[in-house]
Protein chains: 2
Amino acid sequence: MTRPPPEPAPRTAPRRRDARATRARLLASAGEVFAQHGFRDANLRQICAHARANLGAVRYYFGGKQALYREAFFAAYREVFAGEPMPRLADDDDPAAALSTWMRWFLRMLLIRRAAHPYLSRLLARELAQPSEVLDEIVALVVAPARDELERVVAALIDADARSREVEEKTHLVIFLCLQFEMAQPVLERLGVPRSRTPEAVDALAGRLLRFALAGLRA
Amino acid sequence: MTRPPPEPAPRTAPRRRDARATRARLLASAGEVFAQHGFRDANLRQICAHARANLGAVRYYFGGKQALYREAFFAAYREVFAGEPMPRLADDDDPAAALSTWMRWFLRMLLIRRAAHPYLSRLLARELAQPSEVLDEIVALVVAPARDELERVVAALIDADARSREVEEKTHLVIFLCLQFEMAQPVLERLGVPRSRTPEAVDALAGRLLRFALAGLRA
DNA sequence: CCCGAAGTCAAACGCCCGTATGACTCGTCC
DNA sequence: GGACGAGTCATACGGGCGTTTGACTTCGGG
């Protein structure tokens, strides 16, 4: 029914009718529009127009609006995280240094790399407000592994069993300590809090958060 | 055009055609349905049916869907916070005790009183994902005053100017440390984190968060 | 050169839903 | 008890949008 993603490598020179390119444009446009307006308010005509594709292309390539949304979400996610995968922490000797590494990486993802994909975060915020099946996959694919990784660091830091309630809770505190800058941005904006955008500012912010988190964890 | 809220006190015995009651039912139903489906996906026919009111009643009482949404949001907000207003903190001598009071109150609002209005939090989450004019009002009306109040406590706690960058940032950290249990609930749920529901559990949680926050603030 | 498949396109179908309308039915007051 | 206004109701209008269809165009291979 729906066309599968075309062959990975184009054998010939770019064709005038390039299915791969059309599909990609559609995906990019969809990510943008869905992020801006939400699933329901986004309309396919706009997405297609912006992608210089015909309305029918959605059905042809993806099968429908819902499927397009899902693909767009994962495509955006992949592009953002593929460039800089989560650092492995267990190898690191010093738990405090490991925590620092993780937090800096996470904040960099949230605050800087989003410039490359300004809509991934908004897609996520929308999923939080109205979870669809996509959120299940995202949590299982991204959040849970990150949590598990960080959990080991926290356990080492406070010298407790990685499976204990305390470690679990404190791990989540650290994650959301960072994540708030993403999730609560509309509120922070209205409170007049400027967003750190430059690598230097983000690094400084990470440093302050790290101090806060370290003290809290050890308390 | 739209009927104003009826007289505060009903002079006579409840009438068979009771405008006040109809309006209230509509408001309650709207809050529920908007929270469950979001502004766009909620439909007036469903809201009206659930409120045992006619479709035309929406226009009659509120003027339209958007206006109904706004009214429903504020009605829910008022009901949740009216019962237990934010504690005044400046009066308290010990900053640590003041922080404790504030955090306990805040968490109680988020985790317990929401049982009375299970949909206020979801309405808020939706506003975060897709801010409308309503979010401006909510921030100005609720979040900003709470922030200002807490800011004084934090300033006293770390012995700094209440208007300094440091105080501002740390205040936000504390707020969102609590707020995450509200905002990130869909994620926490999928991670298998149970929600504290009983007053005792919430109090215990508040205690742990307080330890974390105090240590972090003083770091 | 032709044929079939892959891709594109315009047009239309059909549904959902917010809004609008006008008639009907109560309660109340003169 | 008649009339007026508040409240209720069924019905219809109109637009937006996802989906579907079928014909047209381009390309590669026999």
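Residue numbering restarts at 1 for every chain, and letters A, B, ... go by the order of the sequence lines.
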Q | Distance test, side-chain N/O of B:T22 to OP1/OP2 of D:dT8, below 4.0 Å | A |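 It does, given that an N or O in the side chain of B:T22 lies less than 4.0 Å from OP1 or OP2 of D:dT8.
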
Q. Should A:Y60 be listed as having a side-chain N or O under 4.0 Å from OP1 or OP2 of D:dT20?
A.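 For A:Y60, the contact criterion (side-chain N or O under 4.0 Å from OP1 or OP2 of D:dT20) is not met.
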
Q. Can you tell me how far the CG atom of A:L27 sits from the CG atom of A:L68, to the nearest 0.5 Å?
A.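 Here the rounded value is 6.5 Å.
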
Q: To the nearest 0.5 Å, tell me how far B:R52 CZ sits from B:L26 CG.
A: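 Between atom CZ of B:R52 and atom CG of B:L26 there are 11.0 Å.
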
(Q) Treating primed atoms plus P, OP1 and OP2 as sugar-phosphate and everything else as base, which nucleotides of nucleotides 9-19 of chain D get B, S or - for protein heavy atoms under 4.0 Å? (A) BB------BBB

Rounded to whole Å, please give me the gap between [atom1] in [X] and [atom2] in [N].
X	N	atom1	atom2	result
B:Y61	D:dG7	OH	P	5 Å
B:I47	C:dG18	CD1	P	8 Å
B:L26	D:dG7	CG	C1'	13 Å
B:H37	C:dC16	NE2	P	15 Å

Q: Give a yes or no on whether a salt bridge exists between A:R70 and A:E137, defined as a side-chain N under 4.0 angstrom from a carboxylate O.
A: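 Between A:E137 and A:R70 there is a salt bridge, with a charged N closer than 4.0 Å to a carboxylate O.
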
(Q) Is a donor from one side chain sitting under 3.5 angstrom from an acceptor on the other, for A:R25 and A:S29? (A)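 Per modelled atom types, A:R25 and A:S29 side chains form no pair under 3.5 Å.
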
Q) Taking the six-membered ring of A:F39, is NZ or CZ of A:K65 closer than 6.0 Å to its centre and within 45° of its axis? A)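 Yes; both conditions hold, so A:K65 lies above the ring face of A:F39.
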
Q | Test side-chain hydrogen bond (donor to acceptor under 3.5 Å, both in side chains) applied to B:E32 - qualifying residues, sequence neighbours left out | A |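 Once residues adjacent in sequence are excluded, B:E32 has no partner under the side-chain hydrogen bond (donor to acceptor under 3.5 Å, both in side chains) criterion.
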
